[in-house]
Amino acid sequence: MAGYDFAAIERKWQQRWDDDGTFAQPNPGDDSFADKPKCYVLDMFPYPSGAGLHVGHPEGYTATDIVARFMRMRGVNVLHPMGYDAFGLPAEQYAVEHGVHPRETTQSNIDTIERQIRLFGFSYDWSRRIATTDPDYFKWTQWIFLQLFNSWYDPAAGAARPIEDLIRGLSAGEYVVGVGGDVVYNTADGLAPYLGDMLGTSKWHELTGEQQRAVIDNQRLAYQAEVPVNWCPKLGTVLANEEVTNEGRSERGNWPVYRRNLRQWMLRITCYADRLLNGLDGLDWPESIKIMQRNWIGRSEGANVIFELPDCDEQLEVYTTRPDTLFGATYMVLAPEHPLVEEITTDARRSEVKAYVDAAAGKSELERTAETKEKTGVFTGSYAVNPVNDERIPIWVADYVMMGYGTGAIMAVPAHDTRDFEFAQTFDLPIVQVVAPPEGEDWRGYTGDGVAVNSGEFDGLPTAEFKRKIIDWLEANDRGRRAVNYKLRDWLFSRQRYWGEPFPLVHCPDCGTVPLPEDALPLTLPEMDDFSPQTSDDPDAPPQPPLGKATDWVNTTCPACGGAAVRELNTMPQWAGSCWYYLRFCDPRNDERFCDPTAERYWMSPGGIDLYVGGAEHAVLHLLYARFWHKVLYDLGHVSTPEPFAKLYNQGMIRSFAYRDARGMPVSYEDVEQRDDGVCHRQTGETLTESVEKMSKSLKNVVNPDDVIAEYGADTFRLYEMFMGPLEASKPWNTQDVPGVHRFCHRVWRLIVGNEETPPLLGDRGDEELERALHKLIRKVGEDIQAMKFNTAIAAMMEFVNAAFKAGAIGRDQAERFVLVLAPFAPHLGEELWERLGHGESLAYEPWPDYDEAMIAAETVELAVQVNGKVRGRVAVDADADEEAVIAAALADDKVATAVEGKTIVKKIVVPGRLVNLVVT
RNA sequence: GCCGGAGUGGCGGAAUCGGCAGACGCGCGGGAUUCAAAAUCCCGUGAUGGCAACAUCGUGUGGGUUCGAGUCCCACCUCCGGCACCA
């Protein structure tokens with residue numbers, strides 16, 4: 001009888017599962033498909049970085065694997081796939097720096113990370129593996145992009161519709177075109193604003209072909225626009241905000257990043273703001289993530305108010321959430337980029353205003369917001385008229401107003417807005433109270449609700465009511481209307497890089513932007529020797545995407561007219577591929593469609609993926625972008641559910657102890673020694689400080705999963721990560737603790753198999769007491785798995801094993817049931833023990849053992865007896881004893897008797913199964 | 001500044017609906033086994049006082065509610081995460 005040889009066991013079972021296709025899950029319609037309930041358990045797929053797997057990855061993967069294995073044993077079809085999010089900047093930047101093609105680095109990174117993932121024995125259906133860089137995959141990423149390109153958002157339907165519907169409606173005169181190129185609705189009794197403001201309209205047939213195209217292009221969910229972007233000339237690309245550090249530099253390479261207007265592809269996510277917001281309510285997600293998404297969407301209600309500009313015969317529109325403070329508006333502020341700045345500035349003020357605007361333009365967004373202490377601004381020389389009281393108020397330009405939100409202009413109410421208050425104090429502008437705060441609070445700078453004062457006929461109204469009344473008044477007098485605003489911006493969807501999905505479009509001088517036909521997909525990247533972007537030190541140099549150098553690829557023919565055309569040079573951002581991979585997993589080899597509808601309906605019903613686990617760092621962007629794409633596909637009839645992720649769970653970050661010497665220099669673990677009086681340096685004896693930090697090379701506190709597996713095995717690793725603490729909590733890795741769970745594996749082995757020194761405790765008949773413990777364990781582990789409380793499930797298994805050793809024997813059938821309960825957590829050990837208990841088949845589809853409530857209910861219970869809330873003794877009583885008997889038993893206890901002696905019992909509290917409390921005086 | 005989350009032994013953590021605080025594991029102390037060590041096994045392990053039985057204190061701090069508070073309420077402190085001039 002050999003000991004627990006985890007290395008051999010793990011190799012053997014991983015091979016067996018692979019050879020037998022144990023975890024290959026057929027789809028509906030496949031020969032071997034069994035019609036059963038389903039469960040879709042998904043991990044956020046990894047980006048295969050050069051550094052390989054870190055200990056954070058397997059934490060979530062182990063949790064989902066336990067759930068997946070448990071569900072299979074509960075007789076459920078489980079979809080549990082894995083893949084790679086493999087396009088993106090890190091691989092490309094590495095490739096550029098080392099002169100290797102990103103395809104090669106990506107492939108070798110995938111090989112490395114997959115080898116590591118496979119070491120853990122996760123029950124993935126590897127036949128469904130995908131990488132976002134596979135042409136078979138990104139063909140459909142491009143196809144979905146074309147769905148976006150060929151759709152518009154119909155506000156009447158509250159949904160995306162094919163662009164042909166819009167063209168048909170325009171041709172039929174159902175819609176007409178406003179002066180701004182907007183689409184307006186042609187109603188029977190006149191023209192009503194449909195999209196945007198209606199000022200004048202044209203009929204569709206009155207427009208030239210080019211004008212028609214511009215109108216259509218302007219309605220597409222994927223459109224091009226000139227927008228301010230983070231431009232990094234050294235990387236030769238625009239960057240997403242999250243790729244820019246707080247210092248205004250690129251996360252990759254630490255190069256300067258500039259704010260600059262560039263023509264870019266945008267996705268119209270803002271149309272979905274309300275649906276993305278409201279959809280959150282029905283999701284089983286952590287509340288904190290929902291709140292983050294709500295804040296990101298940032299819906300607010302208020303009014304757009306029009307201020308007349310008598311000096312130049314223009315109007316200035318502002319958005320405010322506090323129309324009830326209109327009477328306190330004592331000045332106005334325009335963002336430096338506001339289009340009216342130039343027009344309203346008086347000659348006397350022109351040079352000063354221009355200097356300010358130019359200075360603001362030169363600053364990055366981050367520089368502008370960083371200087372948050374001091375408010376700056378200049379007076380334009382012009383005045384506006386407050387619509388509620390006809391007062392002339394000065395118009396300023398200041399960079400605390402952003403062009404990107406609302407109308408880029410505000411009415412300033414210094415008495416009741418912190419920013420306006422600071423600004424007014426700096427520039428000595430009048431401050432007029434219009435809200436009376438509750439007793440005892442200063443009205444200056446008071447931003448809460450209150451009662452109106454100095455507001456004419458509205459005096460005395462509480463804030464909420466005032467808001468309603470003043471908006472009614474504004475609408476009645478044509479000076480404004482009710483409005484809703486969002487912080488959410490449209491999604492900047494293009495990058496000037498090589499390693500991303502090419503846009504499946506061409507630019508034709510005659511036909512405009514023309515999508516490729518579906519049969520031309522995938523549009524693959526051109527082979528290039530030099531795929532590095534044209535970089536520059538000059539922030540104003542024009543972008544030169546690397547694809548521009550592949551002239552053979554760039555110059556093509558127009559699919560519409562057959563004339564010469566050029567391809568789009570931008571590529572898609574890294575988020576694109578991860579927006580829909582969960583759908584491809586349902587049917588990953590389909591070359592007819594992105595996913596077969598039957599497979600999609602089976603796996604995604606009723607509300608989307610049953611369990612989605614990943615890090616909280618994707619709380620907003622990935623989860624919001626994917627929900628957006630999903631809703632578009634839903635509107636167009638391609639998927640069956642309005643939301644993709646029914647249940648979301650975030651694993652906490654695994655950090656680790658870091659040690660520093662007196663100078664603050666990190667000390668690696670080999671040089672750290674634990675002593676009674678603290679931690680010190682092994683060589684120098686110097687006292688070290690200990691802290692818990694994110695793992696990083698520079699802190700010398702990185703733990704490599706490969707090393708841990710080599711020393712203790714995958715089952716131990718899995719158990720340790722689950723045993724550390726609650727899944728969602730952030731917790732420190734402590735290598736010292738690993739032997740504890742490893743010892744548990746050895747104990748289980750010794751219990752059932754034995755080793756050279758000790759025979760197993762396996763017997764024919766098990767102890768009655770142990771049988772009760774086993775029933776309790778089966779219930780506890782099943783409940784804990786479903787509640788994702790793996791740490792307490794493992795603790796319960798340890799207790800059971802301890803009890804078995806105490807009992808001195810375990811029945812064969814008890815051992816079998818215990819092994820089934822253990823298997824989702826330590827599957828290799830589970831399988832090996834199952835085999836040694838005489839089973840020829842894998843336990844993966846063995847039914848989860850039953851338990852009997854009657855076996856769990858104890859015959860006698862021990863109650864604590866408290867006197868005045870303090871525990872004075874313990875008594876054992878029958879589980880079904882009544883209150884009187886319980887109290888009698890309690891008073892019979894010596895220590896209790898002593899405690900109540902000579903006192904009056906004024907109250908007796910009996911909590912069944914728990915305790916007795918006697919209140920005495 | 002605003003919005004979340006969390007503070008429990010030497011350490012990671014447990015504690016159902018307000019009901020025996022510290023499960024389980026690590027570490028530590030003692031013992032068994034061993035020529036010895038590793039491994040393994042057994043016992044002990046919140047603090048203070050006491051030979052002991054036992055007593056008192058104890059879940060970030062200060063108040064409160066309750067027969068009873070780690071758990072509920074109020075105020076505050078610290079740490080972690082997110083957002084950040086969003087009008």
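Below, chains carry the letters A, B, ... as their sequence lines are ordered, and counting in each starts from 1. Treat the numbers as computed from the prediction; the structure is a model and nothing was measured.
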> Is it the case that the side chain of A:Glu59 and the backbone of A:Val55 share a donor-acceptor pair, with hydrogens and angles ignored and the cut-off at 3.5 Å?
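The answer is no, because no donor-acceptor pair under 3.5 Å joins these two groups.
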
> In whole Å, what separates the C1' atom of B:A14 from that of B:C26?
15 Å

> Verify, without hydrogens or angle tests, whether A:Thr320 (side chain) and A:Arg322 (backbone) share a donor-acceptor contact under 3.5 angstrom.
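Yes; judged by distance alone, with no hydrogens or angles, the pair exists.
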
> Tell me, please, which residues at least two apart from A:Glu853 pass salt bridge (Lys or Arg N to Asp or Glu O under 4.0 Å).
A:Arg779

> For A:Gly406 and A:Ala616, take the nucleotide of RNA chain B holding the closest heavy atom to each; which residue's nucleotide lies nearer the 5' end?
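Result: A:Ala616.
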
> Specify the residue among A:Val620 and A:Thr407 whose closest nucleotide of RNA chain B lies further upstream toward the 5′ end.
A:Val620

> Give each protein N/O atom lying under 3.5 Å from an N/O atom of nucleotides 55-58 of chain B, with the pair distance.
| residue | atom | partner | partner atom | Å |
| --- | --- | --- | --- | --- |
| B:C57 | OP2 | A:Lys870 | NZ | 3.3 |

> Check for a donor-acceptor pair, side chain of A:Tyr649 on one end and backbone N or O of A:Trp285 on the other, with a separation under 3.5 Å.
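Flag not set: sc A:Tyr649 to bb A:Trp285 has no pair under 3.5 Å.
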
> Please report the distance separating the C1' of B:U66 from the corresponding atom of B:U71, rounded so that it comes out in whole Å.
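The same atom, C1', in both gives a distance of 13 Å.
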
> What contact category does A:Thr418 fall into here, base, sugar-phosphate, or nothing, at under 4.0 angstrom with non-hydrogen atoms?
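Result for A:Thr418 = nothing.
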
> For A:Val865 and A:Val871, run side chain to side chain contact (heavy atoms under 4.5 Å, CB included): C-alpha distance rounded to whole Å, both residues' side-chain angles, the deciding distance at 0.1 Å, then the answer.
CA-CA 6 Å; A:Val865 182; A:Val871 179; over 6 Å; no

> Can a donor-acceptor pair be found, under 3.5 Å and without considering hydrogens, that links the side chain of A:Arg718 to the backbone of A:Phe825?
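Side chain of A:Arg718 to backbone of A:Phe825, a donor-acceptor pair under 3.5 Å: yes, one is there.
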
> What pairs with A:Lys806 under side chain to side chain contact (heavy atoms under 4.5 Å, CB included), at least two apart in sequence or on another chain?
none

> Return the set of residues passing ring pair (Phe, Tyr, Trp, His ring centres under 6.0 Å) with A:Phe307 (not counting sequence neighbours), or none when no residue passes.
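Testing A:Phe307 for ring pair (Phe, Tyr, Trp, His ring centres under 6.0 Å), a comparison that skips the adjacent residues, returns none.
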
> Mind listing the N/O atom pairs, protein and nucleotides 3-8 of chain B, below 3.5 Å?
none

> Looking at A:Phe421, does the NZ or CZ of A:Arg444 lie under 6.0 angstrom from its six-membered ring centre and within 45 degrees of the ring axis?
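Because its charged atom misses either the 6.0 Å distance or the 45° angle limit, A:Arg444 does not stack over A:Phe421.
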
> If the P atom of B:U59 is compared with that of B:G46, how far apart are they to the nearest Å?
16 Å

> Take the protein atom CG of A:Leu621 and the nucleotide atom C1' of B:G82, then report the distance between them rounded to whole Å.
12 Å

> Under the rule for salt bridge (Lys or Arg N to Asp or Glu O under 4.0 Å), what residues qualify as partners of A:Arg660, not counting sequence neighbours?
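Counting only residues at least two positions away or on another chain, A:Arg660 forms a salt bridge (Lys or Arg N to Asp or Glu O under 4.0 Å) with A:Glu693.
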
> What integer number of Å spans the C1' atoms of B:G68 and B:G64?
15 Å

> Output one line per pair: protein atom, nucleotide atom from nucleotides 22-25 of chain B, and distance, for all N/O pairs under 3.5 Å.
| residue | atom | partner | partner atom | Å |
| --- | --- | --- | --- | --- |
| B:A23 | O2' | A:Glu799 | OE2 | 3.3 |
| B:G25 | OP1 | A:Asn802 | ND2 | 3.1 |

> Expressed in whole Å, how much space separates the P atoms belonging to B:A15 and B:G82?
27 Å

> Could you tell me whether a side-chain N or O of A:Asn650 sits under 3.5 Å from a main-chain N or O of A:Gly614, the two making a donor and an acceptor?
yes

> State whether the side chain of A:Lys375 and the backbone N or O of A:Tyr400 hold a donor-acceptor pair below 3.5 Å, judged by distance alone.
no

> Reckon A:Lys487 has a side-chain N or O less than 4.0 Å from the OP1 or OP2 of B:C85?
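No, A:Lys487 has no side-chain N/O under 4.0 Å of OP1/OP2 on B:C85.
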
> Please state the P separation for the pair B:G29 and B:G81 - nearest whole angstrom.
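Between the two P atoms, the distance is 36 Å.
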
> Need one value for A:Lys780: base, sugar-phosphate or nothing, where a base atom within 4.0 Å counts as base even if backbone is also close, heavy atoms only.
nothing

> What's the gap between B:G5 and B:G9 when it is taken at their P atoms, as a whole Å value?
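Each nucleotide's P atom is 22 Å from the other's.
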
> Considering only nitrogen or oxygen atoms on both sides, find all protein atoms under 3.5 Å from nucleotides 67-77 of chain B and state each distance.
| residue | atom | partner | partner atom | Å |
| --- | --- | --- | --- | --- |
| B:C67 | O2 | A:Asn917 | ND2 | 2.4 |

> What pairs of donor and acceptor atoms, side-chain ones from residues 407-416 of chain A against any protein atom, are under 3.5 angstrom apart with sequence neighbours left out?
| residue | atom | partner | partner atom | Å |
| --- | --- | --- | --- | --- |
| A:Thr407 | OG1 | A:Glu317 | O | 2.6 |
| A:Thr407 | OG1 | A:Ala409 | N | 3.4 |
| A:Thr407 | OG1 | A:Ala409 | O | 3.3 |
| A:His416 | ND1 | A:Tyr446 | O | 2.9 |
| A:His416 | NE2 | A:Val434 | N | 3.0 |
| A:His416 | NE2 | A:Val435 | N | 3.0 |

> Round to a whole Å and report the spacing from NZ of A:Lys806 to P of B:C41.
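From A:Lys806 NZ to B:C41 P: 12 Å.
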
> Taking only residues two or more places apart in sequence or in another chain, which ones pass salt bridge (Lys or Arg N to Asp or Glu O under 4.0 Å) with A:Lys467?
none

> With side chains defined as the heavy atoms from C-beta onward, is the minimum distance between A:Tyr405 and A:Tyr319 less than 4.5 Å?
yes

> If you measure from the P atom in B:A69 to the same atom in B:G62, how many Å do you get, rounded?
15 Å

> Using side-chain hydrogen bond (donor to acceptor under 3.5 Å, both in side chains) as the criterion, list what pairs up with A:Arg294, not counting sequence neighbours.
A:Asp281, A:Glu287

> Taking only side-chain nitrogens and oxygens of A:Tyr405, does any of them come within less than 4.0 Å of OP1 or OP2 of B:A87?
yes

> Can a donor-acceptor pair be found, under 3.5 Å and without considering hydrogens, that links the side chain of A:Asn295 to the backbone of A:Gly298?
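Not confirmed, A:Asn295 side chain does not pair with A:Gly298 backbone.
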
> Starting at CG of A:Leu915 and ending at C1' of B:A15, how long is that distance when rounded to a whole Å?
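These atoms are roughly 14 Å apart.
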
> Can you check the A:Phe790 CZ to B:G13 P distance for me, whole Å?
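Distance check: A:Phe790 CZ to B:G13 P gives 17 Å.
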
> Using a 3.5 Å limit on both distances, find every run of at least three consecutive Watson-Crick or G-U pairs that involves RNA chain B.
B:1-7 with B:77-83, B:10-12 with B:24-26, B:27-32 with B:40-45, B:46-49 with B:54-57, B:60-64 with B:72-76

> In whole Å, I'd like the distance from the CD atom of A:Gln736 to the P atom of B:C28.
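Rounded to whole Å, this separation is 8 Å.
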
